[in-house]
Amino acid sequence: MKNKKITRKITQRMYVLTTNGGGCIVDAVSQISSGDAPLISVAVMNQNYTNALLKNNERFALSILGMEVNPEIIKTFGLCSMRDINKFESVVMKEIEGIPVIEDCLGYMVLEKVDSIVNETHTLFIGKLIEADVFLEGEAMSYGYYQEHKEELLKIKTENGNTAWVCTVCGYVYYKEELPEDFQCPICGVTKELFQGNV
């Protein structure tokens, strides 16, 4: 038996990754070197729109989410695609080193991309730290906490009588009365069979 839920015990944290043109929620972030300009890696799903943006941008930022973060930030950057909405319009941002950074966070890191490694499902982007600061002292939200409280954090509000169709793999939400027959999740690519409707 392979119970993949065990991976939630890995001490990953929750971040908003941003670059010019978009951003998304990520959790697979690691420091891989030290010194004055440490290297930081982040894995981004290949089918994610932000992945395509990162391939064409030289800089990106990671905003560290705290336990008290506004859930709307998680909904905006975790459930929506920049193909459909401008995520930066609904969240307070500030520009640092030419990159948009979330204001409602514990702190941020701005990185200059130095390398990338592509595998079957994700790309590992490696960046050199060029700017960083701490906004607030507090506990960072863990990936395990997010998974255990996802339903509460991502309460879906339907509008105009539409159904909120939620991807059971990545959490993307599609608002319509019905899902099209050939529908695929724009974030992770799964078909309509893996969506659950909430009225």
Q: Compare all side-chain heavy atoms of Leu62 with those of Val16 and state whether any distance is below 4.5 angstrom.
A: no
Q: For Val134 and Glu137, work out which heavy atoms get closest and say how close.
A: CG1-OE2, 3.9 Å
Q | Considering all heavy atoms, the nearest Leu65-Ile25 contact | A | CD1-CD1, 3.9 Å
Q: Look at the side-chain heavy atoms of Ile, Leu, Val, Met, Phe, Trp and Tyr, link any pair under 4.5 Å apart, and say whether Met141 and Val42 land in one connected group.
A: no
Q.
Filter on ring-ring contact (aromatic ring centres under 6.0 Å, His included), then keep only pairs touching residues 104-131, sequence neighbours left out; what's left?
A. Tyr108-Phe135
Q) Taking C-beta and beyond as the side chain, do Val69 and Ile102 meet within less than 4.5 Å on heavy atoms? A) no
Q) Quick one: side-chain hydrogen bond (donor to acceptor under 3.5 Å, both in side chains) partners of Glu97, sequence neighbours excluded? A) Arg59
Q. Quick one: do Phe77 and Tyr145 end up in the same hydrophobic cluster if we chain Ile, Leu, Val, Met, Phe, Trp and Tyr together by side-chain heavy atoms under 4.5 Å apart?
A. yes
Q: Only pairs at least two apart or in different chains count here, so list each ring-ring contact (aromatic ring centres under 6.0 Å, His included) that has a residue in residues 40-69.
A: none
Q | Reported CD-to-OG1 distance for the pair Glu58 and Thr19, which is rounded to 0.5 angstrom | A | 9.0 Å
(Q) When you group the ILVMFWY residues by side-chain heavy-atom contacts below 4.5 Å and let the links chain together, are Val26 and Met93 in the same group? (A) no
Q. In terms of hydrophobic clustering (I, L, V, M, F, W, Y; side-chain heavy atoms under 4.5 Å; direct or indirect links), are Val114 and Met109 co-clustered?
A. no
Q: Give a yes or no answer on whether the side chain of Asn119 reaches the backbone of Leu124 with a donor-acceptor pair at less than 3.5 Å.
A: no
Q. Which heavy atom in Ala61 sits nearest to a heavy atom in Val101, and how many Å separate them?
A. CB-CG2, 3.9 Å
(Q) One pair to check against side chain to side chain contact (heavy atoms under 4.5 Å, CB included): Leu17 and Leu54. What are the steps and the verdict? (A) CA-CA 10 Å; Leu17 183 155; Leu54 281 170; 3.9 Å; yes
Q | Side-chain touch Asn46/Val118, heavy atoms, less than 4.5 angstrom | A | yes
Q) Are the side chains of Glu131 and Ile99 in touch, meaning some heavy atoms are under 4.5 Å apart? A) no
Q. Nearest 0.5 Å, what's the CD1-OG distance between Ile126 and Ser30?
A. 10.5 Å
Q) How many angstroms lie between atom CE of Met14 and atom CD1 of Ile73, to the nearest 0.5 angstrom? A) 12.0 Å
Q. If you round to the nearest 0.5 Å, how far is CG of Asp27 from CZ of Arg13?
A. 11.5 Å
Q. With sequence neighbours excluded, what pairs up with Ser63 under the side-chain hydrogen bond (donor to acceptor under 3.5 Å, both in side chains) test?
A. none
(Q) I want to check something: taking the side chain as every heavy atom from C-beta on, are Tyr15 and Tyr143 in contact at a cut-off of under 4.5 Å? (A) no
Q. Taking a hydrophobic cluster as the set of Ile, Leu, Val, Met, Phe, Trp and Tyr residues connected by side-chain heavy atoms closer than 4.5 Å, whether directly or through intermediates, do Ile64 and Val29 fall within one such cluster?
A. yes
Q: Mind listing the closest non-hydrogen atom pair of Cys24 and Val44 along with its distance?
A: SG-CG1, 4.5 Å
Q. What's the shortest heavy-atom distance between Thr76 and Ile85, and which atoms?
A. CG2-CD1, 4.5 Å
Q. Roughly how far, to the nearest 0.5 Å, is the CG atom of Asp36 from the CD1 atom of Ile130?
A. 14.5 Å
Q. Which heavy-atom pair separates Leu136 from Cys105 by the least distance, and what is that distance?
A. CD1-O, 3.9 Å
Q) Can you list every pair that meets salt bridge (charged side-chain N to carboxylate O under 4.0 Å, His left out) and has a residue in residues 112-128, with sequence neighbours left out? A) none
Q.
List the residues meeting side-chain hydrogen bond (donor to acceptor under 3.5 Å, both in side chains) with Ser33, not counting sequence neighbours, and say none if there are none.
A. none
**Q.** Spacing of CG belonging to Asn48 relative to OG1 belonging to Thr121, to within rounding of 0.5 Å
**A.** 12.0 Å
